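To start, the structure itself, in structure tokens.
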Amino acid sequence: MKVGVLALQGDVREHVSSLIACGVDPISVRRIEELNSIDALVIPGGESTTIAQLAEHYELFQPIRKRIADGMPAYGSCAGMILLADRILDAIEGQKTFGGLDITVRRNAFGRQVDSFESDIDFNDGGSQKVHAVFIRAPWVEEIGKNVKVLATVISPDGQSHPVAVQEGNLLATSFHPELTGDHRIHRYFIEEIARPALVRGGRR
Ligand code: GLN
């Protein structure tokens with residue numbers, strides 16, 4: 001299985017390291033040939049507006065959008081979550097996303113109270129251990145479509161619960177950055193529970 005990390009901006013290296021720790025040999029994706037060669041894509045944390053603009057510049061925007069719409073497994077952390085969302089609140093004017101996940105995210109949602117914070121949260125992947133989650137100018141999910149599974153939530157300072165990890169079909173997104181903590185369970189979940197089964201179903205390994 002060939003896994004790519006979108007390498008236009010953001011914490012690409014950290015995702016590459018996490019994927020290597022999960023036993024895959026990832027490639028950096030900057031060109032259409034690289035996109036065409038992969039079976040699954042990771043979209044890093046960084047700045048969603050910049051990543052989208054660079055994707056347009058490198059003529060990757062529409063091709064990525066299409067691959068995702070056609071069922072390519074993808075995982076996005078933080079800015080990557082925003083880029084996978086069908087709808088964004090507090091976007092900059094004209095901000096576009098690859099879409100695919102039937103969610104509405106609010107950019108920089110926690111930022112009105114706290115810019116960055118860390119928290120131990122439950123990740124409902126069938127395991128029982130907590131995940132140490134790092135949030136940096138993170139989005140949260142405000143609305144989900146009926147086929148979206150919520151895998152983790154946090155309580156915001158005003159006492160409301162917000163999804164911060166969601167899955168719909170082959171798409172996984174987290175508001176937080178597992179690539180920064182050396183805990184590879186989220187990447188492993190993406191590889192073993194989403195990407196590999198999708199490839200097997202598609203008749204490839
Ligand atoms: N606030 C950033 C954005 O809108 C995301 C921050 C991050 O990826 N750490 O893209």
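Note that the structure is a prediction, hence the values are computed from the model and not measured. Read the numbers this way: they start at 1 and go in the same order the structure lists the ligands and their atoms. Computed over heavy atoms, backbone and side chain alike; hydrogens, waters and symmetry mates excluded.
Considering CG of N147 and CG of L171, their distance stands at 12.0 Å, rounded to 0.5 Å.
Relative orientation of the H162 and W140 rings is parallel, given thresholds of 30° and 60° on the angle between their planes.
The cationic atom of K96 (NZ for Lys, CZ for Arg) lies less than 6.0 Å from the six-membered ring centre of F61 and within 45° of the ring axis.
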Practice problem: Take E192 and R196 through the salt bridge (charged side-chain N to carboxylate O under 4.0 Å, His left out) test and state the conclusion after the steps. | Solution: CA-CA 5 Å; E192 300 304 338; R196 218 182 282 285; 3.0 Å; yes

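A side-chain donor-acceptor contact under 3.5 Å links Q9 to the backbone of E47.
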Report every pair formed by an N or O atom of ligand 1 and a protein N or O atom separated by less than 3.5 Å, giving atom names and the distance to 0.1 Å.
unit_1: ligand 1; atom_1: 1 (N); unit_2: N108; atom_2: OD1; d: 2.5
unit_1: ligand 1; atom_1: 1 (N); unit_2: R137; atom_2: O; d: 3.0
unit_1: ligand 1; atom_1: 4 (O); unit_2: S48; atom_2: OG; d: 3.3
unit_1: ligand 1; atom_1: 4 (O); unit_2: R107; atom_2: NE; d: 2.8
unit_1: ligand 1; atom_1: 4 (O); unit_2: R107; atom_2: NH2; d: 3.0
unit_1: ligand 1; atom_1: 8 (O); unit_2: G46; atom_2: N; d: 2.9
unit_1: ligand 1; atom_1: 8 (O); unit_2: G46; atom_2: O; d: 3.0
unit_1: ligand 1; atom_1: 8 (O); unit_2: A79; atom_2: N; d: 3.0
unit_1: ligand 1; atom_1: 9 (N); unit_2: I136; atom_2: O; d: 2.9
unit_1: ligand 1; atom_1: 9 (N); unit_2: H177; atom_2: NE2; d: 3.0
unit_1: ligand 1; atom_1: 10 (O); unit_2: S48; atom_2: N; d: 2.5
unit_1: ligand 1; atom_1: 10 (O); unit_2: S48; atom_2: OG; d: 2.8

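Under the 4.5 Å side-chain heavy-atom criterion for Ile, Leu, Val, Met, Phe, Trp and Tyr, I20 and I186 are members of the same hydrophobic cluster.
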